[in-house]
Each structure stands twice: as C-alpha cells, then as structure tokens.
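A short worksheet on the structure shown next.
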Amino acid sequence: MEHLNNIKKRGIRGEIFLTITAIIWGTSFVVQKVSLDYVGPFTFVALRFLLGALFLFPVALLLNWIKHKNTAPEAEGRGTGKEAFLTKPTLLGGTACGLALFLAASFQQNGLIYTASGKAGFITGLYIVMVPLLGLLLRKKVRGLIWIGVALAIGGLYLLCVKEGFTIGKGDLIVLTGALFWALHILIVDHFTATADCLKMSVIQIFVAGLLASAPMLVLENPAITAIMDGAWTILYTAIAVTGIAYTLQIFGQRNTEPTVASIIMSLESVFAVISGMLILNEVLSVKEIIGCVLMFAAVITTQLPQKDNPCGTEKCAAKGQVPCP
C-alpha cells in the first residue's frame with residue numbers, strides 16, 4: 001500500500017509539472033508572433049533553443065556533480081566505477097526529441113507568418129487527438145475515459161481559439177504539420193523517460209533543435225545583430241522560460257503520466273493564454289471562451305477518474321512493469 005501511495009504521489013507531482021508547463025506555454029504564442037516583427041522564424045527557433053541549452057547546461061553539470069558527490073562513498077563501498085555522464089538512452093532520447101522538437105517548432109513558427117496566433121493555438125492543440133491515434137499504431141491501450149477527455153478538450157480548444165469562420169489556409173496546414181511533430185515529440189519523451197536522465201536529455205534535445213535550426217537560419221535568412229537586439233526580449237523569454245524551464249518540466253512530468261493524459265494537461269496552455277490576456281492586457285472573456293475554459297478543465301478532470309479495470313490509475317507504470325497494479 002505504501003508503494004502504491006508513492007506511485008500516486010509521483011503521478012500527482014508529474015501532473016503539477018505538466019500544468020506549470022502549460023501555464024508557461026500559455027504566454028508563448030503571442031510572444032512568438034511578436035518575434036516575427038524582428039527576426040525570421042528559423043533565426044528565432046535557433047536562438048531560443050541554443051540560448052535555452054546554454055541556460056540549462058550549467059544546471060545539469062551542477063546537479064550531476066552534487067549527485068556524484070553524494071553517492072561517491074556508496075559507490076566506493078560497492079567497488080563500482082564512476083557512472084558515465086551520458087548514457088545511451090539519454091543520448092539517443094535527447095537526439096530523437098531534438099529532431100522532433102526542431103521540426104515541430106519550425107513548422108509552428110513558419111505557420112504563424114500566415115495565420116492568427118489564436119487559430120494556430122487551436123490547430124497545434126490537435127496533437128491531443130494525434131497522440132492517442134499514434135499510440136494505437138504503437139499498440140498502446142487508450143482508456144475510454146481518455147477519449148471522452150480528448151473530445152471535451154477539442155471542443156474547448158475550438159471555443160477558446162477560433163474567433164472567425166474556420167477556413168483552412170496555407171499557414172494552417174503548416175501549423176498542422178507542426179502539431180504532428182508535437183505529438184511525436186510527446187511519444188518519444190514517453191518512450192525514453194523511464195531509462196534516461198531527464199535533465200540531461202532536455203539539454204541535449206534543446207541543443208540539437210537549436211543546432212538543426214541554425215542551418216536554415218544561415219542559408220535562408222539574413223539575421224542582423226540590430227534586429228536580434230531589438231527583439232531580444234522575445235528570444236530571451238522563450239529561451240529561458242518556455243524552452244529551458246518548461247520543456248524540462250515536461251520531460252519530468254511525463255515520467256509518471258500517460259502520454260495522452262499529458263497531452264490533454266499541456267493543452268491547457270490555451271486556457272492560460274486567455275487568462276494571461278485578462279491579467280496582463282485587461283482582455284475580457286466572452287461567454288463562448290468561458291464555456292471553452294470549462295470544457296478544457298472538464299477534460300483534465302475526466303482523464304483523472306479511475307476506471308474499474310485499473311483503479312489505481314497507473315497504466316503507464318503497469319504497462320512498463322514498474323509497479324504491481326492492484
């Protein structure tokens with residue numbers, strides 16, 4: 001029973017991390033849209049990720065040093081050698097996540113050139129549907145309540161984000177392609193978190209994404225120092241808060257959370273985007289937007305309800321053989 005309680009506590013902690021991630025992401029769409037007034041999409045993506053990696057790298061080094069300092073006497077007692085700084089799962093996971101992250105962020109940023117940020121937020125949120133569908137292809141079981149949560153979340157996203165008549169344009173298709181890679185990113189994170197070092201994997205994925213974005217930045221764009229300095233606040237905010245902190249919290253949060261549930265929680269970024277607009281820009285919620293917020297929160301609550309075939313709600317851990325499910 002104590003073991004099961006510990007599992008539940010870790011699950012709750014993971015969902016809190018994912019909620020914080022959604023709060024941070026909720027402020028990012030407007031900032032990303034504004035950044036296009038200063039720099040090109042690939043310049044923005046490259047700089048935000050490279051600076052994000054630069055921010056996280058010393059943190060990873062410090063925590064790694066503290067970990068080895070605290071475990072050194074025990075290791076000597078067992079006669080074991082020094083643990084490698086990077087393990088194979090961490091390196092492979094970080095590289096794979098970095099590739100997916102680069103593609104997702106690049107398509108999203110390029111799509112924002114041609115479509116409204118609110119509409120882009122809704123289309124990006126369609127990864128909520130893509131995650132369980134791709135999961136089925138990977139033979140991952142999806143509970144019935146999860147599908148109800150997905151339907152509620154999609155309805156809430158539509159009410160929150162779509163202001164005008166919904167038509168599909170060039171920018172929408174580009175953002176939709178990005179949504180597919182966001183879904184793949186969530187599933188890749190889910191695959192590697194059980195065996196990889198979460199913080200180191202986050203540093204690697206962010207650095208790889210920034211490195212990959214540097215090539216099209218140099219080939220397709222002509223980044224000027226003056227323009228970068230003018231838009232520095234958008235780059236620094238997304239580099240530190242959205243990239244360095246939020247993506248790391250996502251990896252830690254997904255460690256004990258089903259990928260579909262994680263995607264629904266993170267889709268709350270649309271709700272927090274509206275809330276931040278109210279608090280910062282004094283925007284007023286319409287009845288339609290209020291209903292959208294209610295549906296989004298209802299979706300998250302629905303995914304947390306226990307089901308008879310698995311009352312403990314730890315499908316992810318049970319599937320991986322990490323806990324005995326009562």
Side-chain angles (χ1 to χ4, degrees), residues 18 21-22 24-25 28-29 32-33 35-36 40-50 52-53 92-115 117 119-138 140 150 153-154 157 161 168-193 196 201-202 204-217 220 238 242-243 246-251 253-254 259-260 262-267 269-270:
L18 293 172
T21 297
I24 297 173
W25 285 357
S28 67
F29 273 100
Q32 286 178 239
K33 184 76 173 177
S35 72
L36 293 170
F42 288 112
T43 299
F44 177 78
V45 172
L47 292 178
R48 69 173 282 195
F49 284 132
L50 290 176
L92 286 177
T95 303
C97 286
L99 176 59
L101 190 58
F102 157 67
L103 292 169
S106 296
F107 275 106
Q108 182 186 80
Q109 190 68 15
N110 278 277
L112 280 168
I113 298 174
Y114 308 103
T115 192
S117 59
K119 199 174 181 183
F122 169 73
I123 296 171
T124 298
L126 292 177
Y127 65 70
I128 302 172
V129 178
M130 296 177 183
V131 168
L133 289 177
L134 290 172
L136 289 176
L137 295 177
L138 299 173
K140 288 180 177 287
V150 167
I154 291 298
L157 276 171
C161 300
I168 299 295
K170 175 181 178 181
D172 304 325
L173 293 175
I174 296 173
V175 174
L176 183 62
T177 305
L180 174 61
F181 287 110
W182 285 125
L184 288 172
H185 180 259
I186 290 171
L187 291 172
I188 294 170
V189 169
D190 175 69
H191 179 75
F192 283 100
T193 48
M201 188 170 87
S202 183
I204 294 170
Q205 72 156 349
I206 294 170
F207 176 71
V208 168
L211 201 62
L212 290 172
S214 298
M217 174 188 73
L220 302 176
T238 52
V242 181
T243 302
Y247 283 121
T248 303
L249 288 176
Q250 177 201 355
I251 290 177
Q254 276 196 242
T260 303
S263 69
I264 292 175
I265 293 174
M266 289 186 289
S267 72
E269 64 180 291
S270 298

Taking all heavy atoms of [X] and all of [Y], pick out the closest pair and write down the distance.
| X | Y | value |
| --- | --- | --- |
| S106 | V45 | OG-CG1, 4.1 Å |
| A209 | F49 | CB-CD1, 3.7 Å |
| T243 | G52 | CG2-CA, 4.3 Å |
| I264 | A153 | CG2-CB, 4.5 Å |
| T21 | Q250 | OG1-N, 3.5 Å |

- Message: Working to the nearest 0.5 angstrom, can you tell me the gap between I24 CD1 and M266 CE?
- Response: 12.5 Å
- Once you round to the nearest 0.5 Å, how far does CG of L133 lie from OH of Y127?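 Answer for the CG-OH pair, L133 versus Y127, is 15.0 Å.
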- Task: Evaluate the side chain to side chain contact (heavy atoms under 4.5 Å, CB included) criterion for residues S35 and R48: first the C-alpha distance (whole Å), next the side-chain angles of each, then the deciding distance (0.1 Å), finally the verdict.
- Result: CA-CA 11 Å; S35 72; R48 69 173 282 195; over 6 Å; no
- Task: Output all residues satisfying side-chain contact (heavy atoms from CB on, under 4.5 Å) with L211, sequence neighbours left out; order by chain, then residue number.
- Result: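 Expected list: F207.
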- Query: Considering residues at least two apart in sequence or located in another chain, which fulfil the side-chain contact (heavy atoms from CB on, under 4.5 Å) criterion with V208?
  - Reply: I204, L212
- For a side-chain contact (heavy atoms from CB on, under 4.5 Å) with C97, tell me which candidate from I251, I206, V189 qualifies. V189
Could you pull out all donor-acceptor pairs under 3.5 Å where a side-chain atom in residues 174-186 meets a protein atom, sequence neighbours excluded?
{"unit_1": "T177", "atom_1": "OG1", "unit_2": "L173", "atom_2": "O", "d": "3.0"}
{"unit_1": "H185", "atom_1": "NE2", "unit_2": "Q205", "atom_2": "OE1", "d": "2.8"}

- Between E269 and T124, does any side-chain donor sit less than 3.5 Å from a side-chain acceptor?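 No, no side-chain donor-acceptor contact under 3.5 Å.
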- Task: Would you check if T193 and M201 make a side-chain contact, meaning some heavy-atom pair closer than 4.5 Å?
- Result: yes
